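Input: a single structure, listed below in structure tokens.
As the structure is a prediction and not an experimental result, all values here were calculated from the model. Throughout, a chain's letter reflects where its sequence line sits, starting with A, and its residues are numbered from 1.
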Number of protein chains: 2
Amino acid sequence: MDVTTADGPAARFDAFAASCPSRRLLDTIGDKWASLVIVALGLGGRMRYSELSARIAGVSQKMLTQTLRGLERDGLLTRAVTPSVPVRVDYELTPLGQSLLETICRLKEWAEVHMPEVDAARAAYDRNHA
Amino acid sequence: MDVTTADGPAARFDAFAASCPSRRLLDTIGDKWASLVIVALGLGGRMRYSELSARIAGVSQKMLTQTLRGLERDGLLTRAVTPSVPVRVDYELTPLGQSLLETICRLKEWAEVHMPEVDAARAAYDRNHA
DNA sequence: CGGGATCCATTTCGATACTG
DNA sequence: CAGTATCGAAATGGATCCCG
């Protein structure tokens, strides 16, 4: 879907374009691992790669590295390399990352309050559409 | 990733399990189209399938239908079929769906405030990692 | 009009092996 | 220790055809 094209039929997408800030934010925190990394760092403060890997058990090296790179690029966390032997790398939320953490926590609150309703709705739906 | 299994190695995932309410919420609103549907219905009130399809230009039948079914199942919107010829189907947010809309709007506010910082961080990162 | 069913291209992601 | 590189399985999503 080439919505980045300025002209042509795609121009009608505007308000719902992928370049819309809120959509791009959802692309970030909607990611399976990104939000977990942010929450982990929010709880644990400064953490090493291996600590994150253990905390977020189930994530592959590839995904963890990829996620960390993305979040670093977005300025949500910092990556500090200590050139010892063996190498030591620490990750930590930036102030920007911490403000996002707060936003995610508000999301979490909605979830805790309303997910039971969602579950009930699902159960009812599944019962009627057996 | 079989995190739903109660026992075995997967049991260590607990706090970060996919069954956690906040994670399941992210699975919903993190979806490419679900949030757009919610916002569209929030702005437009009751809408027909074809209206949604036009408003969220770029979505395929398959994805729109699939998204609507999912949101209906979650109790976030209602689906009303008028058995005329041709058929008419209207979708509308439930109160639960509207409360989620508010949550999404708060996300949107974070995005509007902070995405410029994210963009700046990206530009800086890309400059240093050419 | 509002989809359901199917096929196929793309993307995503985990497992594995290797490196400074 | 903290990655990078590569490969193949699997999920995702769009296009197309069909129907009530």
Would you mind reading off the distance between Glu51(A) atom CD and dC1(D) atom P, rounded to a whole angstrom?
11 Å

In whole angstroms, the gap separating P of dT12(D) from CH2 of Trp33(B) amounts to 15 Å

Is any side-chain heavy atom of Tyr91(A) less than 4.5 Å from a side-chain heavy atom of Arg46(A)?
no

If we only count heavy atoms from C-beta on, is the Leu100(A) to His114(B) side-chain gap below 4.5 Å?
no

By a strict heavy-atom criterion of less than 4.0 Å, which residues belonging to residues 64-92 of chain A are in contact with DNA chain C?
Val87(A)

Presence of salt bridge, Arg122(A) and Asp126(A), under 4.0 angstrom:
no

Side-chain N or O of Ser50(A) closer than 4.0 Å to phosphate OP1/OP2 of dC1(D):
no

In whole Å, what is the span from the CE atom of Met63(A) to the P atom of dA11(D)?
15 Å

Under 4.0 Å between a side-chain N or O of Arg48(A) and OP1 or OP2 of dA2(D)?
yes

For atom CD1 of Ile56(B) and atom P of dG2(C), their distance in whole Å:
14 Å

Using a 4.5 Å cut-off on heavy atoms from C-beta on, say whether the side chain of Ile29(B) contacts that of Leu107(A).
yes

N/O donor-acceptor pair under 3.5 Å between Ser99(B) side chain and Leu96(B) backbone
yes

Given atom OH of Tyr49(A) and atom C1' of dC1(D), what is their separation to the nearest angstrom?
10 Å

Length of the line joining Met47(A):CE and dA2(D):P, which is rounded to integer Å
11 Å

Whole-Å gap separating P (dT16(D)) and NZ (Lys62(B))
14 Å

Give the rounded distance in Å between these two atoms: CG of Leu36(B) and C1' of dG13(D).
15 Å

Within the side chain of Thr67(B), is there an N or O that forms a donor-acceptor pair under 3.5 Å with the backbone of Trp33(B)?
no

